[in-house]
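Inspection log for the structure reproduced underneath, given as structure tokens.
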Amino acid sequence: LDYTQANVLDQAFKMLGDRYGWGGMLNSRDASEYINDIYRCFGFRLPRDSGGLSKVPGSQTNLEGLSIGEKEAVLDKTPAGASLHFKGFVMVYLGSADGHYYAISDLGSYAASRESAAAGKEVWVQGVVVSELDTVRANGRTWMEELTLVNHYGGETQGADLAWTVGLILAAAAGIT
């Protein structure tokens with residue numbers, strides 16, 4: 001399969017709704033294995049865990065210490081299909097639409113709000129889903145706040161049409177992919 005942005009996104013969306021399994025439990029995959037499965041068909045042999053994935057050579061941008069606005073400015077220049085990292089987690093960037101930033105990932109759970117996170121209440125997803133980067137983690141911080149790195153493995157790919165990418169995001173958000 002040719003390593004193009006469109007093919008990376010197609011591979012990511014093929015697994016939409018698949019079951020989550022931390023470390024391969026339940027005969028399923030976790031976030032790191034999800035990334036491995038996407039990129040394996042392009043000939044990439046990637047590390048098994050999120051820490052190793054953050055060290056794979058590519059076009060990297062360090063986001064540590066940046067404000068939300070600075071991170072958004074970086075993401076505005078980031079191609080869909082790049083990986084987004086924070087400690088212990090990795091996801092595929094989809095792009096932005098109407099001021100909202102989106103990713104697809106294999107996710108165990110999230111908090112519905114900062115208040116529910118503080119109360120220890122999580123929403124269990126256990127699957128591959130499209131989420132906004134304002135998704136709240138169990139620690140009460142959003143994915144956007146936690147982002148530490150953008151990595152575009154292997155450098156540039158051939159571009160996908162932006163309308164096509166936004167269409168995928170909106171279709172997934174509406175549950176019609």
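The figures here come from the full heavy-atom set of this structure, side chains too, leaving out hydrogens, waters and symmetry mates.
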Apply salt bridge (Lys or Arg N to Asp or Glu O under 4.0 Å) to the pair Glu146 and Arg137, showing each step before the final yes or no.
-> CA-CA 9 Å; Glu146 294 282 282; Arg137 299 186 66 206; 2.6 Å; yes

Is the shortest heavy-atom distance from the side chain of [X] to the side chain of [Y] under 4.5 Å?
X: Val92; Y: Leu84; answer: no
X: Leu94; Y: Val130; answer: yes
X: Thr61; Y: Thr78; answer: no
X: Gln11; Y: Leu1; answer: yes
X: Val128; Y: Leu107; answer: no
X: Gln60; Y: His152; answer: no
X: Arg45; Y: Arg40; answer: yes
X: Leu75; Y: Leu133; answer: yes

With sequence neighbours left out, write down each residue that passes side-chain hydrogen bond (donor to acceptor under 3.5 Å, both in side chains) with Tyr101, or none if nothing qualifies.
->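 Residues passing side-chain hydrogen bond (donor to acceptor under 3.5 Å, both in side chains) with Tyr101: Asp76.
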
List in chain and number order the residues that pass side-chain hydrogen bond (donor to acceptor under 3.5 Å, both in side chains) with Asn36, two or more places apart in sequence or in another chain; answer none if no residue qualifies.
->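 None.
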
Parallel, tilted or perpendicular: rings of His100 and Tyr102 (30°, 60°) =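 Tyr102 and His100: tilted rings.
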
Heavy-atom pair of closest approach, residues [X] and [Y]:
X: His85; Y: Ser50; answer: ND1-O, 4.2 Å
X: Ala12; Y: Tyr34; answer: O-OH, 2.8 Å
X: Leu9; Y: Gly81; answer: CD2-N, 3.9 Å
X: Tyr3; Y: Val8; answer: CE1-CG2, 3.6 Å
X: Ala117; Y: Val136; answer: CB-CG1, 4.2 Å

To the nearest 0.5 Å, what is the distance between [atom1] on [X] and [atom2] on [Y]?
X: Trp143; Y: Glu132; atom1: CH2; atom2: CD; result: 10.5 Å
X: Ile68; Y: Glu145; atom1: CD1; atom2: CD; result: 5.0 Å
X: Leu147; Y: Phe86; atom1: CG; atom2: CZ; result: 7.0 Å
X: Asn7; Y: Cys41; atom1: CG; atom2: SG; result: 7.5 Å
X: Tyr93; Y: Asn151; atom1: OH; atom2: CG; result: 15.0 Å
X: Asp10; Y: Met15; atom1: CG; atom2: CE; result: 11.0 Å

Donor-acceptor side-chain pairing of Glu70 and Ser67 below 3.5 angstrom =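 Yes, Ser67 and Glu70 have a side-chain donor paired with an acceptor closer than 3.5 Å.
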
Checking Ser116 side chain against Ala112 main chain: does a donor-acceptor pair fall under 3.5 Å?
->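 Yes; at least one donor-acceptor contact below 3.5 Å.
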
Main-chain N/O of Glu64 paired to Asn62 side chain as donor or acceptor, under 3.5 Å =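 Yes; judged by distance alone, with no hydrogens or angles, the pair exists.
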
Verdict with supporting geometry, Ile104 and Leu16, side-chain contact (heavy atoms from CB on, under 4.5 Å) = CA-CA 8 Å; Ile104 186 169; Leu16 187 66; 3.9 Å; yes

When clusters are formed by joining ILVMFWY residues with side-chain heavy atoms under 4.5 Å apart, either directly or through shared neighbours, do Leu66 and Leu149 land in the same one?
->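 No.
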
